[in-house]
Amino acid sequence: NAGVTQTPKFRVLKTGQSMTLLCAQDMNHEYMYWYRQDPGMGLRLIHYSVGEGTTAKGEVPDGYNVSRLKKQNFLLGLESAAPSQTSVYFCASSRTLSDWAKNIQYFGAGTRLSVL
Amino acid sequence: AQRVTQPEKLLSVFKGAPVELKCNYSYSGSPELFWYVQYSRQRLQLLLRHISRESIKGFTADLNKGETSFHLKKPFAQEEDSAMYYCALSDNTDKLIFGTGTRLQVFP
């Protein structure tokens, strides 16, 4: 049982380049999230999804786009990378609409992105 | 606005000493609070939640609505407790609000 899988694990980009981070979960979870983790800033929510075909903005959505075409996958895109997007990105998922379950988030291992 | 504050970036203790990681929140409704932990080279994972009122790995946390706090405590720290700890708040929407985290270092 892989849980939440993020690809790639590491990436170096030049300013202006684009890339897509993939998050895949095999737990049939409804909710999925993308966070960035920066020193002294903690975890900040970029975008999230409450189900297939839905997305919503989080705290820091600018410069990112997301898609949830399949329930198990949540893609995070950077159209034109900037040095300020250098960070560690985490994907998470959680269970269904039950209030008890939805706040237990399961995290991926992270993607370390450097934008030069 | 909802906010979670963890005032200490780093907390260093010796093995066997008591530990208290502070967490304060601001939320006008009835909050649900969590502690998540990230051990070295491992994924972030749920440690405990206030509604469960349980002790995990010797850690406990009590919700104090009067002081708007949810401090994490352990009477005797172990070296394996060294990790990054995040306090999180659910404001009854579809997401969690995380604090900035406290790194706990337990020296032998």
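Below, read A as the first sequence line, B as the second, and so on, with proteins coming before strands; counting in each chain starts at 1.
Of the two parts of A:Q37, only the side chain, counted from C-beta on, holds a non-hydrogen atom closer than 4.5 Å to a non-hydrogen atom of chain B. Contact annotation for A:L43: both backbone and side-chain heavy atoms come within less than 4.5 Å of a heavy atom of chain B. Contact of A:Y48 with chain B is made through the side chain alone, with heavy-atom distances under 4.5 Å. Using a 4.5 Å cut-off between heavy atoms, B:Q38 contacts chain A through its side chain alone, with no backbone atom that close.
In terms of heavy-atom pairs under 4.5 angstrom with chain A, the leader among B:L44, B:L46, B:I97 is B:L44. Between chain B and the residues A:G108, A:G110, A:G58, the largest count of heavy-atom pairs under 4.5 Å involves A:G108.
Between B:K57 and B:D81 there is no salt bridge, since no side-chain nitrogen of the basic residue lies less than 4.0 Å from a carboxylate oxygen of the acidic one. Ion pairing between A:E30 and A:R95 fails under the 4.0 Å rule for side-chain N and carboxylate O.
Across A:D38 and A:R44, no two heavy atoms sit closer than the pair OD2-NH2, 2.9 Å.
Within 6.0 Å of NZ on B:K22 lie more than 12 heavy atoms contributed by other residues, nucleotides or ligands.
Exactly one residue among A:E79, A:R36, A:K57 makes a side-chain hydrogen bond (donor to acceptor under 3.5 Å, both in side chains) with A:Y64. That residue is A:R36.
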